[in-house]
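Quick caveat, the model's predicted, so the values are computed rather than measured. Basis for what follows: all heavy atoms, side chains included, without hydrogens, waters or symmetry-related copies. Lettering of chains follows the sequences in order, A, B, ..., and the numbering in each one begins at 1.
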Amino acid sequence: MSKGLPKRSEDYSLWYNELVKRADLAENSPVRGCMVIKPYGYSIWEKMQAELDRMFKETGHTNAYFPLFIPKSFLSKEASHVEGFAKECAVVTHYRLKNAEDGSGVIVDPEAKLEEELIVRPTSETVIWSTYKNWIQSYRDLPLLVNQWANVVRWEMRTRLFLRTTEFLWQEGHTAHATSEEAMAETVQMMNVYAQFAEEFMALPVVKGRKTANERFAGADDTLCIEALMQDGKALQAGTSHFLGQNFAKAFEVKFATKEGGLEYVWGTSWGVSTRLMGALIMAHSDDHGLVLPPKLAPFQVVIVPIYRGEEELALISVKAKEIMADLRKAGISVKYDDRDTQKPGWKFAEYELKGVPVRIALGPRDLENKTLELARRDTLTKESFQWEEMPIAEKIGGLLDEIQEGIYQKAFDFRKENTTEVNSWEEFKQVLEEKAGFLSAHWDGTPETEDKIKELTKATIRCIPLDQVQEPGSCVYSGKPSTGRVLFAKAY
RNA sequence: CGGGGUGUAGCGUAGCCCGGUAUCGCGCCACAUUUGGGAUGUGGAGGUCGUAGGUUCGAAUCCUGCCACCCCGACCA
């Protein structure tokens with residue numbers, strides 16, 4: 001039991017905040033709405049980045065980097081884009097400070113006002129498409145498949161560590177294509193990459209779907225997404241992939257010469273996932289003892305805690321521990337040996353539970369004598385005694401890590417299944433949302449008006465129209481008008 | 001941005017109403033004994049009381065501005 005970690009059942013929100021801080025993932029910074037990602041948290045993000053980056057490259061993308069600042073005039077070139085972002089932009093107006101005359105420190109130098117203000121990027125479509133104009137002349141220049149790892153700023157009213165911060169880290173892919181079909185195929189492909197990453201590495205089951213017009217990205221013709229369900233029954237948008245049509249090509253005059261000698265606007269996509277995935281990872285699996293990490297993303301997968309009395313005993317145990325470490329590392333398993341003499345074993349056990357280390361090995365004099373190890377699983381909190389001779393240690397641990405990865409995925413999957421409810425009447429809709437939450441699968445008449453009304457009345461939004469939606473006749477849960485299939489509603493982060 | 005609340009040592013807090021030496025626990029440092037589920041004892045260090053002003057002989061305490069955080073709303077790809 002971790003000392004004082006709030007329980008999920010009592011205050012989910014507080015539990016989340018405390019967990020993020022106590023597990024050394026991140027903390028609030030002196031800057032409003034901005035967080036410091038601590039080394040332990042950042043190394044999880046680095047693992048995510050590494051896998052995603054590999055997947056992007058496997059699908060033919062290359063990385064590039066565009067400026068942090070965007071001239072104000074760029075943003076307004078795509079009408080719905082600027083409308084969506086204008087209210088949350090940080091703006092640079094001056095380029096110099098000077099000493100205050102009263103000696104009170106530095107002030108903004110009024111002489112140094114910028115001719116044109118610069119926006120700190122909330123996303124990079126505009127600056128990238130203005131660049132693409134120069135890069136694309138012919139169908140031979142297409143497709144253009146670029147990704148950028150960057151930080152962006154969105155001036156949100158209320159922030160929460162990882163889930164919504166003023167500045168956040170993300171990747172944004174921006175591609176240009178000769179045909180609508182090809183751009184749409186790219187949009188679908190990247191949504192699938194995100195889904196695969198979420199399920200395979202984060203052990204997070206996701207629903208692939210399409211956003212309604214209301215929820216669509218500002219400047220997109222179509223937005224695909226992956227949606228995940230958190231333990232408190234709220235949905236979290238984990239990644240989006242946008243079909244931009246020719247909107248940005250038209251706004252920035254990006255045309256290409258076709259094979260047939262014509263001149264046409266380019267088709268675009270953009271897609272992104274952010275440090276919000278960290279929030280999803282934390283909330284999806286963790287418990288009242290602390291973090292539960294999927295082995296594939298844990299900064300280290302195994303920790304060895306020696307149990308000893310005195311230097312001599314530690315020396316003996318260390319010999320065996322180092323042998324185990326070498327075996328594990330050879331098998332590609334990351335391991336930390338915590339032989340600090342400053343904390344007792346019980347303290348370390350609790351600490352690594354809080355930090356979500358998937359497997360813990362305790363090794364003491366008793367084990368040396370009996371040729372055993374104590375293996376503890378973080379996900380189930382169960383312990384077993386393992387005989388050295390039973391099988392090679394790396395094989396045993398490797399199997400355990402696979403089981404844990406699979407186990408926490410299955411647990412999250414079962415949770416989602418249990419918390420996805422088909423509802424068929426307005427009364428039922430309200431009751432289930434109130435008492436059970438989770439995803440509500442319901443018929444919808446397809447109009448933004450109904451969607452808005454439901455949001456206003458219940459705070460639930462349409463998370464997505466699932467791609468595997470079954471075509472079935474029905475009547476809208478709110479308006480009673482005809483519908484052709486169910487969509488997923490939920491309260492969302 | 002509107003309503004409510006909170007800021008006191010690294011963390012959690014008492015004191016504030018009724019102005020006068022800043023409280024306690026955890027953590028930290030030293031030493032000793034300890035080490036198979038968050039050790040014990042003894043000694044010690046650590047404070048611009050969020051911040052800037054004001055009132056006062058004197059402000060953690062009263063007043064004002066500002067900042068940050070939490071809750072509710074609005075906002076939120």
Side-chain angles (χ1 to χ4, degrees), chain A residues 1-5 11 13-14 16-18 21-22 27-35 80-81 83-88 104-105 122-123 125 152 154-161 163-166 168 170 172 209-220 222-227 236-244 270-274 276 289-290 305-311 313-314 317 338-354 360-370 372-374 376 381 383 385 455-456 459 461-464 492-493:
Chain A
M1 203 51 166
S2 92
K3 269 184 187 164
L5 187 64
D11 191 338
S13 197
L14 186 65
Y16 173 82
N17 281 334
E18 284 296 307
K21 288 178 203 163
R22 293 193 200 193
E27 61 188 34
N28 284 305
S29 74
V31 186
R32 182 198 193 109
C34 296
M35 64 179 165
S80 61
H81 187 69
E83 200 191 314
F85 285 106
K87 281 179 282 183
E88 51 189 56
S104 62
T123 180
E125 274 79 4
V152 288
R154 296 183 187 177
W155 214 267
E156 304 284 357
M157 296 297 179
R158 275 172 76 175
T159 58
R160 292 191 67 192
L161 294 168
L163 297 174
R164 179 172 292 113
T165 46
T166 301
F168 56 94
W170 77 344
E172 45 181 328
R210 168 170 280 116
K211 287 287 180 189
T212 60
N214 270 359
E215 300 277 325
R216 204 175 276 159
F217 175 76
D222 199 1
T223 288
L224 303 182
C225 63
I226 55 170
E227 291 282 330
L236 187 115
Q237 177 178 297
T240 47
S241 183
H242 314 291
F243 173 72
L244 302 176
S270 67
W271 28 274
V273 294
S274 70
R276 177 180 247 205
H289 297 262
V305 177
I307 291 150
Y308 59 93
R309 295 163 187 269
E311 296 279 323
E313 208 166 78
L314 176 61
I317 289 163
D338 187 354
D339 62 351
R340 283 178 300 172
D341 193 36
T342 51
Q343 314 292 354
K344 297 194 21 164
W347 189 94
K348 292 177 186 173
F349 294 169
E351 178 73 3
Y352 292 114
E353 261 158 35
L354 182 61
R360 184 185 71 231
I361 298 176
L363 183 63
R366 228 154 58 196
D367 296 299
L368 292 187
E369 201 176 306
N370 304 330
T372 57
L373 300 171
E374 182 188 86
L381 294 168
K383 290 192 267 200
S385 184
K455 182 179 180 182
E456 188 192 319
K459 289 182 191 165
T461 51
I462 298 179
R463 300 321 304 153
C464 68
Y493 277 97

Q | Nearest-angstrom distance, C1' atom, B:rU8 to B:rA22 | A | 8 Å
Q: Using a heavy-atom cut-off of under 4.0 Å over every strand shown, decide if A:Gly272 touches base, sugar-phosphate, or nothing.
A: nothing
Q) Using Watson-Crick and G-U wobble pairs whose two distances are both under 3.5 Å, how do you write the pairing of RNA chain B as dot-bracket, with | for links to another strand? A) ((((((((.[[[..)....(...]]].((((((.....)))))).....[[[[[..)....]]]]])))))))....
Q.
Nearest to the A:Glu351 side chain among B:rG38, B:rG36, B:rG37, which nucleotide is it?
A. B:rG38
(Q) Under 4.0 Å, heavy atoms only, any strand: does A:Gly33 hit a base, just the sugar-phosphate, or nothing? (A) sugar-phosphate
Q. Does A:Arg340 offer a backbone N or O that forms a donor-acceptor pair with the side chain of A:Asp338 under 3.5 Å?
A. yes
Q) Is a donor on one side and an acceptor on the other found under 3.5 Å between the side chain of A:Asn370 and the backbone of A:Asp367? A) no
(Q) Measure CZ/A:Arg22 against P/B:rC11 and give the value in whole Å, please. (A) 13 Å
Q) Hey, does A:Thr123 reach any base, or is it just sugar-phosphate, or nothing, if we go heavy atoms under 4.0 Å? A) nothing
**Q.** Cation over ring face, A:Arg276 and A:Phe168, 6.0 Å, 45°
**A.** no
**Q.** Euclidean distance, A:Trp170 CH2 relative to A:Trp271 CH2, rounded to 0.5 Å
**A.** 11.5 Å
Q.
Testing the basics here: between A:Glu227 and A:Gln237, what is the closest heavy-atom pair and its distance to 0.1 Å?
A. OE2-CB, 3.4 Å
Q | Residue whose closest nucleotide on RNA chain B lies nearer the 5' end, A:Asn17 versus A:Ala218 | A | A:Asn17
Q | Gap in Å between the two C1' atoms, one belonging to B:rG4 and one to B:rC62, rounded | A | 22 Å
Q | A:Ser13 vs B:rC70: side-chain N/O to OP1/OP2 distance below 4.0 Å | A | no
**Q.** Flag, side chain of A:Thr461 to backbone of A:Lys455, donor-acceptor distance under 3.5 Å
**A.** no
Q) Where the side chain of A:Tyr16 meets the backbone of A:Leu161, is there a donor-acceptor pair that is under 3.5 Å apart? A) yes
Q. With a 4.0 Å cut-off on heavy atoms, is A:Thr240 in touch with a base, just the backbone sugar-phosphate, or nothing at all?
A. sugar-phosphate
Q. NZ of A:Lys87 versus C1' of B:rC76: gap in Å, rounded?
A. 10 Å
Q) Are any side-chain N or O atoms of A:Thr223 and backbone N or O atoms of A:Lys211, one a donor and one an acceptor, separated by less than 3.5 Å? A) no
Q: Kindly state which residues belonging to residues 360-368 of chain A come within less than 4.0 angstrom of RNA chain B, counting heavy atoms of the residue only, listed by number.
A: A:Arg360, A:Ala362, A:Gly364, A:Pro365, A:Arg366, A:Asp367
Q) In whole Å, what separates the C1' atom of B:rG10 from that of B:rG5? A) 25 Å
**Q.** C1' spacing across the pair B:rG15 / B:rA60, given as an integer number of angstrom
**A.** 8 Å
(Q) It should be established whether A:Lys459 places a side-chain nitrogen or oxygen under 4.0 Å from OP1 or OP2 of nucleotide B:rG73. (A) yes
Q | Distance in angstrom units between A:Tyr308 OH and B:rG37 P, rounded | A | 15 Å
(Q) Tell me if a side-chain donor or acceptor on A:Arg360 pairs with a main-chain N or O of A:Ala376 at a distance below 3.5 Å. (A) no
Q: Nearest whole angstrom, please: distance from the C1' of B:rG12 to the CG of A:Leu5.
A: 15 Å
Q. Hey, which of these two, A:Lys211 or A:Leu373, hits RNA chain B nearer its 5' end, going by closest nucleotide?
A. A:Leu373
Q: Using a 4.0 Å heavy-atom cut-off across all strands, classify A:Glu374 as base, sugar-phosphate, or nothing.
A: base
**Q.** Inter-nucleotide P distance (B:rA52, B:rG38), Å rounded
**A.** 45 Å
**Q.** Of the listed nucleotides B:rU35, B:rC72, B:rG38, the one nearest the side chain of A:Arg158
**A.** B:rC72
Q) Say you pick atom C1' in B:rC63 and the same atom in B:rG25; how far apart are they, in whole Å? A) 34 Å
Q: State the CG-CG distance between A:Asp341 and A:Leu314, to the nearest 0.5 angstrom.
A: 7.5 Å
Q) Can A:Arg22 and A:Glu18 be counted as an ion pair, charged N to O under 4.0 angstrom? A) yes
Q: Using whole Å, report how far CG of A:Leu14 lies from C1' of B:rU6.
A: 14 Å
**Q.** Spacing between A:Trp347 atom CH2 and B:rG27 atom P, to the nearest angstrom
**A.** 11 Å
Q. Is a donor-acceptor contact shorter than 3.5 angstrom present between the side chain of A:Lys344 and the base of B:rG36?
A. no
Q. Rounding to the closest angstrom, what is the interatomic distance between B:rG19 and B:rC28 at atom P?
A. 40 Å
**Q.** P gap between B:rC24 and B:rG46, integer Å
**A.** 16 Å
Q) Is the base of B:rG38 touched by the side chain of A:Gln343 through a donor-acceptor pair closer than 3.5 angstrom? A) no
Q: Could you work out which one of B:rG37, B:rC76, B:rU35 sits closest to the side chain of A:Ile307?
A: B:rU35
Q. Please give, in whole Å, the distance from B:rG36 C1' to A:Lys383 NZ?
A. 8 Å
Q) Touch check for A:Arg32, heavy atoms < 4.0 angstrom, all strands: base, sugar-phosphate only, or nothing? A) sugar-phosphate
Q: Respond yes when some side-chain nitrogen or oxygen of A:Arg309 is under 4.0 Å from OP1 or OP2 of B:rG36, and no when none is.
A: no
Q. Is A:Glu313 reaching over with its side chain to a backbone N or O of A:Arg309, donor-acceptor style, under 3.5 angstrom?
A. yes
Q: Take atom CD of A:Glu369 and atom C1' of B:rG36, then tell me their distance rounded to the nearest Å.
A: 13 Å
